[in-house]
Amino acid sequence: MSNDLPAPEVGAEKLGAVFGPASADDQHDLVQLLTPEGERVEHNEFAFDGDDETIKGFYRDLVLTRRIDVEATSLQRQGELGIWAQLLGQEAAQIGSGRALEPQDMAFPTYREHGVAWCRGVDPLALLGLFRGVDHGNWNPADKNFALYTIVIGAQALHATGYGMGQLRDGVVGTGDPGRDEATIAYFGDGATSQGDVNEAFIWASVAQAPVVFFCQNNQWAISEPIERQTRIPLYQRALGFGFPGVRVDGNDVLACHAVTKAALQRAREGSGPTFVEAYTYRMGAHTTTDDPTRYRLSTDLEHWKLKDPIERVRAYLTRHAGADESFFADVEGEADEVAKRLRTGCRALPEPQILDIFDQVYAEQTDELAAERDAYAAYLSTFSDDHNTAEVVS
Amino acid sequence: MSQTTLSKAITNGLRASMEDDAKVLVMGEDVGKLGGVFRVTDGLQKDFGEDRVIDTPLAESGILGTAVGLAMRGYRPVCEIQFDGFVYPAYDQIVSQVAKIHFRSKGKVPMPIVVRIPFGGGFGGVEHHSESPEAQFAHTPGLKVVACSNPVDAYFMIQQAIRADDPVIFLEPKARYWEKAEIDVDATPAPLFSSRVVREGTDATVLAYGPTMKTALQSAATAEQDGVSVEVIDLRTLSPLDMRPVYESVRKTGRAVVVHEAHTNLGIGAEVAARITENCFYSLEAPVLRVGGFDTPYPASRIEEEYLPDLDRILDAVDRTRSY
């Protein structure tokens with residue numbers, strides 16, 4: 001022990017001097033590159049490397065993602081979806097990080113990553129199946145390198161870490177060839193940081209130096225529980241304890257989210273290990289459409305965060321500094337209308353699942369006993385001569 | 001041909017699988033330099049390297065959760081859980097993820113993961129080291145559950161489980177790790193998901209698996225001295241169950257006794273008894289009886305011999321079923 005250490009003194013107010021602070025000031029650590037007023041600002045570590053055309057593309061992504069979300073919420077209200085997990089307010093975090101991914105990177109989402117799905121090229125209609133109750137997600141993870149939605153909180157952080165360990169073993173990390181190097185990103189929320197699986201994922205990824213970016217959208221609420229119920233220190237500061245860097249980014253700033261995620265992915269790809277990104281944002285909607293946020297949060301909070309809207313600031317920037325005119329915005333709006341229309345008609349046309357199919361999807365190698373259970377139920381169904389299933393059973 | 005212990009048979013099976021397929025990984029706590037607490041993975045890290053025999057952090061959910069990601073990447077992870085009672089921290093990943101991802105993806109994402117669990121008591125362990133959680137996994141659609149009972153089966157079944165494209169809970173009877181037998185590695189093994197008549201008889205059928213197989217066979221030998229002919233079946237696969245040899249046997253003997261170390265209430269024996277009743281009702285001369293662990297937590301080891309199904313309790317059940 002160094003002689004420079006102060007002598008321990010009795011009294012709680014003195015403990016900080018010996019053990020360090022129990023909490024930290026988190027107000028000055030936010031990476032921001034585009035202010036809520038739409039002005040570009042510099043940061044000494046992170047820079048946005050795209051041009052105005054890229055930003056226009058981001059604007060389109062943001063608007064379309066919000067429209068998908070709004071349309072799906074409406075479909076739920078109309079009884080077409082059983083439930084919907086809204087992302088309102090989190091568009092920039094998802095588009096910024098999603099657009100930072102290379103095609104060969106792998107993404108592991110929660111059930112709210114509709115914007116990331118959009119960036120990966122997953123048909124928004126495919127997302128609706130899960131919430132309509134026709135399937136558990138109808139896309140192939142390998143097609144777009146976008147895993148199926150995971151409902152259990154934080155479980156996918158471990159899947160991402162294992163996948164990243166596979167990338168390491170496959171020799172596609174640190175090759176020096178940007179077209180070949182791969183990384184994995186795991187999405188989760190602030191509530192998930194309390195889960196054992198997420199903490200285990202941090203440990204594993206750190207020990208294995210897995211090429212994983214842990215992208216936490218801190219939207220301040222885990223259903224009704226505020227962030228204060230999950231942590232006593234800013235989340236990004238936890239990363240250091242696990243042995244990798246953590247950074248807090250303005251989650252409503254698409255440019256900053258893009259820049260920070262891109263840098264973190266680059267670290268991963270070159271073999272420098274995991275990074276924790278805390279996108280500091282706010283869930284403007286409910287947790288899901290079954291939730292009632294007026295029971296647990298103040299309307300003044302909502303008003304405060306409305307001023308930080310992720311889309312308005314990009315629109316302001318494009319108008320003032322990038323020469324975007326009304327026709328540009330109208331085009332994007334028209335495209336959103338088309339997507340919305342397609343979702344409305346497509347949702348109602350999603351094929352109904354067939355009960356007899358479930359028996360064939362449990363195992364890769366069917367078992368005799370499950371096949372027998374299927375056959376017995378098929379035979380039972382066939383006794384209802386008028387039943388619409390009869391034709392299928394007979395064929 | 002030399003005698004091989006059950007534990008060494010699994011080691012040899014793992015080695016053969018790793019030689020056959022570079023995608024096979026062994027992962028778990030202490031599986032590397034130490035060779036596992038039961039030395040089942042002894043020497044594998046030396047031969048296959050730290051990238052294929054992975055000493056993991058001490059985190060069971062992490063072992064299974066990362067195995068999911070590795071399986072999605074095309075690997076075939078073989079996860080070792082150190083003791084049966086330590087599998088519960090990984091239970092969520094096993095039942096909510098490993099078991100469901102094939103179904104969730106409508107067959108697009110297979111989960112070729114093997115979870116090796118040394119299970120059962122009778123070796124003087126402390127709390128959490130002697131449990132029999134098989135029914136919990138057999139109750140979960142999407143998992144397959146098997147239990148080996150002898151070195152020959154152990155050698156072949158572990159390789160078959162690793163080759164399977166579905167997740168397999170592979171139960172190893174730790175009290176039998178030191179049992180020896182000759183293994184003909186060139187023999188054609190029985191299918192993985194099949195039960196097997198290991199001793200023929202005519203008066204009653206005794207069904208067992210894993211550690212209780214040896215006790216069941218001893219009880220049959222003892223009964224024979226009293227002029228009672230007991231047929232013994234090794235179930236081997238608990239999910240799916242292979243009931244055809246069982247039905248055949250019960251139709252012949254008219255009597256069945258199911259034996260396992262796990263708690264009797266809602267155990268594998270309950271399912272087997274129900275199926276026998278549904279399928280062999282008119283052949284039965286007596287109700288199907290169960291001999292199992294009591295419905296208490298596993299006791300302290302100095303009284304475990306009384307807790308575990310033994311020769312006397314099995315023979316008593318055989319007598320009772322013959323008294324109807």
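Chain identifiers are assigned alphabetically (A, B, ...) following the order of the sequence lines, protein sequences preceding nucleic acid strands; residue numbering begins at 1 within each chain. Computed from a predicted structure; not experimentally measured.
Chosen from A/Gln167, A/Glu200, A/His136, the residue pairing most often with chain B at heavy-atom distances under 4.5 Å is A/Glu200. Heavy-atom pairs under 4.5 Å with chain A were tallied for B/Arg52, B/Met243, B/Gln97; the largest tally goes to B/Gln97.
At a threshold of 4.5 Å between non-hydrogen side-chain atoms, the residues B/Lys144 and A/Thr367 count as touching. Side chains of B/Tyr75 and A/Asp170 form a contact here, defined as non-hydrogen atoms less than 4.5 Å apart. Side-chain atoms of B/His102 and A/Val362, non-hydrogen and from C-beta on, never get closer than 4.5 Å to each other.
Across all non-hydrogen atoms, the minimal contact from A/Glu365 to B/Asp165 is OE2-N, 3.0 Å. Taking each heavy atom of B/Ser61 and A/Leu158 in turn, the nearest pair found is O-CD1, 3.5 Å. When all heavy atoms are compared, the tightest approach of A/Trp204 to B/Met27 is CZ3-CE, 4.2 Å. Contact record, A/Arg169 with B/Asp51: NE-O, 2.8 Å, taken as the closest heavy-atom pair.
At a 4.5 Å heavy-atom cutoff, the contact between B/Ser96 and chain A is made by side-chain atoms alone. Neither the backbone nor the side chain of B/Ala67 comes within contact range of chain A; no heavy atoms are under 4.5 Å apart. Using a 4.5 Å cut-off between heavy atoms, B/Ala164 contacts chain A through both its backbone and its side chain. Neither the backbone nor the side chain of B/Leu64 comes within contact range of chain A, judged by heavy atoms closer than 4.5 Å. Heavy atoms of B/Asp92 lying under 4.5 Å from chain A belong exclusively to its side chain. In this structure, chain A has heavy atoms under 4.5 Å from both the backbone and the side chain of B/Ile63.
Not a single donor-acceptor pair under 3.5 Å links the side chain of A/Asp197 to the backbone N or O of B/Gly65. Of the possible polar contacts, one joining the A/Tyr363 side chain to the B/Gly142 backbone as a donor-acceptor pair under 3.5 Å is found.
Using a 4.0 Å cut-off between a side-chain N of Lys or Arg and a carboxylate O of Asp or Glu, A/Glu182 and B/Arg73 qualify as a salt bridge.
At a cut-off of 3.5 Å, with distance as the only test, no side-chain donor of A/Asn140 or B/Lys106 sits close to an acceptor on the other residue.
Residues of residues 266-283 of chain B lying within less than 4.5 angstrom of chain A, judged on heavy atoms, are B/Arg275 in numerical order.
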